[in-house]
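We use all heavy atoms of the structure for the numbers below, so side chains are in, but hydrogens, waters and symmetry mates are not. Computed from a predicted structure; not experimentally measured. Both counts, for ligands and for their atoms, begin at 1 and track the order of listing.
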Amino acid sequence: MTTQTTTMKTENTVWHKPQISKLQRAELKKQKPALLWYTGLSGSGKSTVANAVDALLFTLGCHSYLLDGDNVRHGLNGDLGFSDEARVENIRRISEVAKLFLDAGLVVSTAFISPFASDRALAKAKLEEGEFIEVFIDTPISVCEQRDPKGLYKKARAGEIKDFTGIDSTYDVPVAPQIHVKTDTQSIEQCAEQIVNYLMAQGFIPAQAFTSTVTSTPA
Ligand SMILES: Nc1ncnc2c1ncn2[C@@H]1O[C@H](COP(=O)(O)OS(=O)(=O)O)[C@@H](OP(=O)(O)O)[C@H]1O
Ligand SMILES: Nc1ncnc2c1ncn2[C@@H]1O[C@H](COP(=O)(O)OP(=O)(O)O)[C@@H](O)[C@H]1O
């Protein structure tokens, strides 16, 4: 596994092997680290579904954490805009942070548009075999635009926002996602259950009976 980023500028640093391994941390939690990498258009339902999954994992006693696009852009990535270059850097930083959370033994979710297939591939390449789970939140742009939960499509159509994904900025549709959900035909609960069932079937979390308790969307 690689331990160095491609943008490393400091030569005189040495990698210290941690005394407690990722495997030990994960075993303590009785789970296997995984990264649920949600990708989809703005308004497709990434945040809603990722929050529902995270809540479900919590009720099942799993140790998880969610990194959400809008929230991370309020802090760590507050210096980045929406040019292609800024989006590449956004996803690079997120993938590095996610990797740290995996090292802590967690089941991590990232909810970012992550429009470029090449960046998603780079994120995958940073992890161990099988840890990266691409979750395609597949929703037609017409539905996203109708939902327009933040009024951004309206602004983009009016020319008030430039480089808006799906309008005047590219979105590479995932070719072979591990999980494919369609939020225009599946309920939030169905999407969340499909994803949690995948984690159980693949042995990332213990198999157990559950009933979805998802009743609302996040604030
Ligand atoms: N130009 C443009 N294009 C797309 N999205 C925009 C833009 N400007 C602001 N927003 C808001 O920023 C959220 C997307 O941030 P991400 O970090 O997920 O984007 S990316 O992965 O770097 O492409 C996105 O959040 P979601 O709607 O949750 O996807 C929008 O709220
Ligand atoms: N099946 C569904 N799954 C996810 N979101 C849904 C679904 N049906 C309707 N929605 C609504 O669509 C909107 C999706 O917004 P959000 O989760 O912020 O998307 P994104 O994070 O991709 O921008 C929310 O208002 C949500 O309530």
Practice prompt. Report yes if the side chains of Val108 and Lys99 come closer than 4.5 Å at any heavy-atom pair, otherwise no.
Written response: no
Worksheet entry | Heavy atom of Ser42, distance to ligand 2 below 4.0 Å | yes
Discussion item. When you compare the side chain of Leu60 with that of Met200, does any pair of heavy atoms fall below 4.5 Å?
Written reply: yes
Practice prompt. Please work out whether any backbone atom (N, CA, C, O) or any side-chain heavy atom from C-beta onward of Lys46 is under 4.0 Å from ligand 2, and answer side chain, backbone, both or neither.
Written response: both
Item to complete: Assess Arg87 against Phe112: is NZ or CZ under 6.0 Å from the centre of the six-membered ring, and within 45 degrees of the ring's axis?
Response: no
Fill in: Region of Gln186 engaging ligand 2 - heavy atom pairs below 4.0 Å
backbone
Practice prompt. Find out whether Trp37 and Ile91 are in side-chain contact, i.e. whether some heavy atom of one side chain is under 4.5 Å from a heavy atom of the other.
Written response: yes
Worksheet item: At a non-hydrogen distance cut-off of under 4.0 Å, which region of Ser187 contacts ligand 2 (side chain, backbone, both, or neither)?
Response: backbone
Response to the item:
Judged by heavy atoms only, the candidate from Ala50, Ala192, Pro149 nearest atom 15 (O) of ligand 2 is Pro149
Discussion item. Which heavy atom of Gly166 sits nearest to which heavy atom of Ile141, and what is that distance?
Written reply: O-CD1, 3.5 Å
Practice prompt. State the atoms of ligand 2, each with its element, that fall below the 4.0 Å cut-off from a heavy-atom position in Leu41.
Written response: 22 (O)
Discussion item. Applying side chain to side chain donor-acceptor pair (under 3.5 Å) as the test, list every pair that has at least one member in residues 166-178; sequence neighbours left out.
Written reply: Thr39-Tyr171
Worksheet item: Hey, is the main chain of Lys150 close enough, under 3.5 Å, to the side chain of Lys155 for a donor-acceptor pair?
Response: no
Discussion item. Just to check, does Cys191 reach to within less than 4.0 Å of ligand 2 when the distance is taken from its heavy atoms?
Written reply: no
Discussion item. Using side-chain heavy atoms (C-beta onward) and a distance below 4.5 Å, is Val143 in contact with Thr183?
Written reply: no
Discussion item. Need the ligand 2 atom indices (1-based, order shown) with element for anything under 4.0 Å from a heavy-atom of Val49.
Written reply: 3 (N), 4 (C)
Worksheet item: Are Ile195 and Phe204 connected in the hydrophobic side-chain network, where two residues link if heavy atoms are under 4.5 Å apart?
Response: yes
Worksheet item: Do any N/O atoms on Gly43 end up under 3.5 angstrom from N/O atoms on ligand 2?
Response: yes
Fill in: Heavy-atom proximity to atom 21 (O) of ligand 2, best of Ser44, Ser47, Ala52
Ser47
Practice prompt. Could you pull out every protein residue that has a heavy atom closer than 4.0 Å to ligand 1, ordered by chain and then number?
Written response: Ser42, Gly43, Lys46, Asp70, Arg73, Phe82, Arg87, Asn90, Ile91, Phe112, Ile113, Ser114, Pro115, Lys150, Leu152, Ile161, Lys162, Asp163, Phe164, Thr165
Worksheet entry | Nitrogen or oxygen atoms of Gly45 and ligand 2 under 3.5 Å apart | yes
Discussion item. Between Arg157 and Asp148, does any NZ, NE, NH1 or NH2 come within less than 4.0 Å of an OD or OE carboxylate oxygen?
Written reply: no
Worksheet item: Mind checking whether Gln186 and Val49 have side chains closer than 4.5 Å, heavy atoms only?
Response: no
